[in-house]
Amino acid sequence: MGTDYFDNVSVNDRNVLRRNKNPKLRASDALPLPVWLTNPIFIIIFFIASSHLLNRWVEKKHVTPTPLYVLSLSDMVALIGVIASLIYLLGFFGIDYVQNFIGKASDEQWDFDGADEKFEQSCSHAKMRNASSQLVTQLKENVDLNNKTLKESSNEEIALAVSRGTVASHTLEANLGDASRAALVRKRSVELLTGRSLDGLSFEGFDYSALVGQCCEMVIGHVHVPTGVVGPLLLDGCEYMVPMATTEGCLVASTNRGCKAIHKSGGATSILLRDGMTRAPVVRFQKACRAAELKFYVEDTNNFDTLSVLFNRTSRFARLQCIQCTLAGRNLYLRFSCSSGDAMGMNMVSKGVQNVLEYLQDAFPDMEVLSLSGNFCADKKATAVNWINGRGKSVVCEAVITGDVVSNVLKTSVSSLVELNTVKNLAGSAIAGALGGFNAHAANIVSAIFIATGQDPAQNVESSQCITMMECVNGGLDLHVSVTMPCIEVGTIGGGTHLPSQAACLNLLGVKGANLDLPGANAQKLARVIAGAVLAGELSLLSALAAGHLVKSHMRYNRSSRNLSQEASQTSV
């Protein structure tokens with residue numbers, strides 16, 4: 001055992017170790033036969049062989065004079081017997097004196113400064129190691145929990161046990177039966193383990209039982225994210241107050257200004273182009289020609305109905321739309337696309353894909369499934385396939401902003417906005433080699449609404465792919481602005497949408513839960529609102545850049561006098 005453990009053993013536990021010391025090892029312990037049998041055998045062999053050799057010595061000297069080194073077969077057997085029995089008897093009876101001579105302190109109390117080395121030496125035999133391991137496990141439990149069950153122990157005792165590794169952190173919810181207590185104990189164990197305080201991490205006021213088995217594991221608290229609201233956003237004839245959770249100053253204020261400009265100009269219009277979540281497994285064959293055969297089989301319209309039935313039976317809402325196949329040598333990537341109701345749909349499409357793969361495995365026995373996801377989906381990555389074909393909800397949102405609003409609300413001109421959008425969002429992004437990044441800051445708005453409504457924040461990567469277009473209309477007096485977003489991946493059920501704060505934000509938008517009358521309508525409306533908010537955000541930021549107000553605005557909202565005074569005081573210290 002290591003020194004870390006023995007340094008923490010109490011005096012009572014050391015006494016237990018002393019009382020439970022194993023007896024000294026003997027050479028005979030290694031023999032497969034019992035001592036009561038081997039001892040008499042070797043003693044008898046020793047005396048019989050010795051007697052035979054003495055008689056032969058007398059016979060050679062007095063009866064038939066013969067040199068002593070001349071040995072018959074019986075003499076050699078007797079000599080071997082004497083040597084073997086002598087070795088055994090000396091080892092059995094003599095090793096105890098040798099051990100006592102080498103370590104006279106073996107019967108004395110343990111010296112815990114060198115306890116690790118002595119304990120390791122005494123555990124050289126397999127049986128001794130097992131017994132010692134059990135003893136140490138019992139001692140650890142006694143040290144950490146004081147002979148009490150986990151539920152009976154105090155939070156501090158359990159946290160100490162978790163920090164030492166005696167109790168597994170991930171089992172606290174199941175063992176304690178109280179998610180809130182488990183999170184509190186885990187938080188304390190992290191403090192003990194790292195030696196750093198977590199006092200600033202919020203704990204109270206959260207239903208931790210809602211997280212068990214979903215959303216988050218190994219919970220130690222929750223982080224407050226300031227949530228603002230912008231609006232009313234006039235979109236498709238309806239007004240929406242849009243929640244945004246962010247720590248970036250000026251973002252909410254800027255987006256709100258864009259909403260005002262859209263509202264004063266008569267509102268925005270959105271169009272849903274497609275709605276389909278994707279998953280793309282990768283399979284392999286021995287030869288590329290076999291992979292091509294599967295590609296042709298899957299793309300054959302006569303087989304699609306069969307595959308659709310297999311896929312759709314996994315859910316009431318999953319409906320297979322298409323399968324796009326692409327080869328890379330003998331590897332085949334199959335990109336399944338399906339509708340998913342009001343759920344974001346990742347789990348739904350994955351279950352359907354698994355069903356189809358099992359069927360194809362029977363039809364193509366030589367097919368090897370390498371992964372349920374081969375990155376041709378593509379999830380949480382900015383990719384050309386998503387940019388071109390879309391994933392989730394593909395939305396276009398547009399508005400015509402009058403020249404008066406551009407001047408009075410946005411404080412710039414139509415021509416300046418059109419020129420800046422061309423130079424910045426189109427040409428500048430092209431020079432940067434952007435992939436779906438032909439916008440000013442779509443990710444800002446998308447991530448803020450995602451966090452507020454319980455979406456997967458990591459899917460902001462592809463959901464923020466957007467191209468912003470601005471043109472002069474009505475003889476150059478007004479501005480036509482649009483955002484095209486091919487892969488907004490959202491849902492109003494599942495994931496973090498059931499958590500109280502996030503559910504409240506969804507309820508604010510009127511899209512909480514599933515739409516029972518028209519499945520999928522709530523998630524589609526949420527995607528439309530996100531596109532509308534992005535339109536407002538793009539309009540306002542580009543106006544600030546065109547008017548040269550960006551730095552001034554950020555200095556006002558991001559670097560308040562309070563923050564500046566704090567920084568100054570810290571610098572002076």
Side-chain angles (χ1 to χ4, degrees), residues 230 233-236 242 244 248 250-251 254-263 265 267-273 382 384 386-388 390 392-403 405-406 409-450 460-473 476 478-488 527-547 549-550 553:
V230 300
L233 170 66
L234 183 56
L235 177 68
D236 300 325
V242 185
M244 297 175 62
E248 181 181 352
C250 200
L251 176 61
S254 176
T255 308
N256 192 58
R257 184 176 71 149
C259 289
K260 180 180 179 180
I262 293 172
H263 198 287
S265 299
T269 303
S270 65
I271 305 97
L272 183 76
L273 301 177
N386 285 347
W387 178 238
I388 296 170
K393 279 72 175 169
S394 298
V395 181
V396 175
C397 188
E398 63 178 349
V400 175
I401 310 300
T402 65
V405 171
V406 171
V409 177
L410 301 178
K411 309 299 182 183
T412 186
S413 65
V414 172
S415 58
S416 296
L417 282 175
V418 172
E419 181 183 15
L420 178 61
N421 184 72
T422 301
V423 174
K424 171 183 167 61
N425 286 346
L426 303 183
S429 296
I431 291 174
L435 185 59
F438 298 91
N439 58 82
H441 69 149
N444 253 336
I445 291 87
V446 172
S447 57
I449 300 177
F450 268 31
N460 168 64
V461 175
E462 65 269 36
S463 296
S464 296
Q465 288 186 301
C466 168
I467 182 169
T468 300
M469 301 292 293
M470 290 185 176
E471 301 175 63
C472 297
V473 294
D478 301 328
L479 174 73
H480 180 275
V481 56
S482 67
V483 292
T484 304
M485 306 178 71
C487 37
I488 302 177
R528 291 171 182 263
V529 170
I530 290 173
V534 169
L535 182 70
E538 291 288 281
L539 191 59
S540 184
L541 176 58
L542 286 171
S543 298
L545 288 169
H549 296 161
L550 179 67
S553 298

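In this structure, CG in Leu410 is found 10.0 Å from CG in Leu542, a value given to the nearest 0.5 Å. The line from CG of Leu535 to OG1 of Thr269 is 10.0 Å long, rounded to the nearest 0.5 Å. Here the OG1 atom belonging to Thr468 is positioned 6.0 Å from the CG atom belonging to Asn421, to the nearest 0.5 angstrom. Considering CZ of Phe438 and OG1 of Thr484, their distance stands at 12.0 Å, rounded to 0.5 Å. The CE atom of Met469 sits 12.0 Å away from atom CD of Glu398, with the distance rounded to the nearest 0.5 Å. Atoms CG and NZ, on Leu233 and Lys260 in that order, are 15.0 Å from each other to the nearest 0.5 Å.
Not counting sequence neighbours, the partners of Asn444 by the side chain to side chain donor-acceptor pair (under 3.5 Å) test are Glu248, His441. Qualifying side chain to side chain contact (heavy atoms under 4.5 Å, CB included) partners for Ala527, counting only residues two or more places apart in sequence or in other chains: Lys393, Val395, Ile488, Val490. Annotation: side chain to side chain contact (heavy atoms under 4.5 Å, CB included) contacts of Val400 (sequence neighbours excluded): Val473, Asn474, Asp478, His480. Under the side chain to side chain donor-acceptor pair (under 3.5 Å) criterion, Ser447 pairs with no residue at all, not counting sequence neighbours. Under the rule for a side chain to side chain contact (heavy atoms under 4.5 Å, CB included), the partners of Ser413 that lie at least two apart in sequence or sit in another chain are Ser415, Ser416.
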Under 3.5 Å, which donor-acceptor pairs do the side chains of residues 429-436 form with other protein atoms, sequence neighbours left out?
| from | atom 1 | to | atom 2 | distance (Å) |
| --- | --- | --- | --- | --- |
| Ser429 | OG | Asn425 | O | 2.9 |
| Ser429 | OG | Gly437 | O | 3.0 |

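Between Ser543 and Leu417 there is a side-chain heavy-atom pair separated by less than 4.5 Å. Val483 has its side chain out of reach of Asn439: every pair of non-hydrogen atoms, C-beta onward, lies at least 4.5 Å apart. By the 4.5 Å heavy-atom criterion applied to side chains, Arg528 and Asp236 are counted as neighbours. With a 4.5 Å cut-off on side-chain heavy atoms, Ile467 and Leu426 count as touching. The side-chain heavy atoms of Met470 and Leu539, taken from C-beta on, include a pair separated by under 4.5 Å. The side-chain heavy atoms of Val534 and Cys397, taken from C-beta on, include no pair separated by under 4.5 Å.
Shown here for Trp387 and Cys466, the closest heavy-atom pair between the two residues is CZ3-N, 3.7 Å. Contact record, Val446 with Ser463: CG1-CB, 4.1 Å, taken as the closest heavy-atom pair. Here the closest heavy-atom approach between residue Ser265 and residue Val405 is recorded as OG-CG2, 3.5 Å. Pairing each heavy atom of Gln465 with each of Cys487, the nearest pair is OE1-SG, 3.2 Å. The two residues Leu251 and Ala448 have their closest heavy-atom pair at CD2-CB, 4.4 Å. Shown here for Cys259 and Val230, the closest heavy-atom pair between the two residues is SG-CG2, 4.1 Å.
Proximity of a side-chain donor or acceptor of Ser464 to a complementary backbone N or O of Asn460 within less than 3.5 Å is detected.
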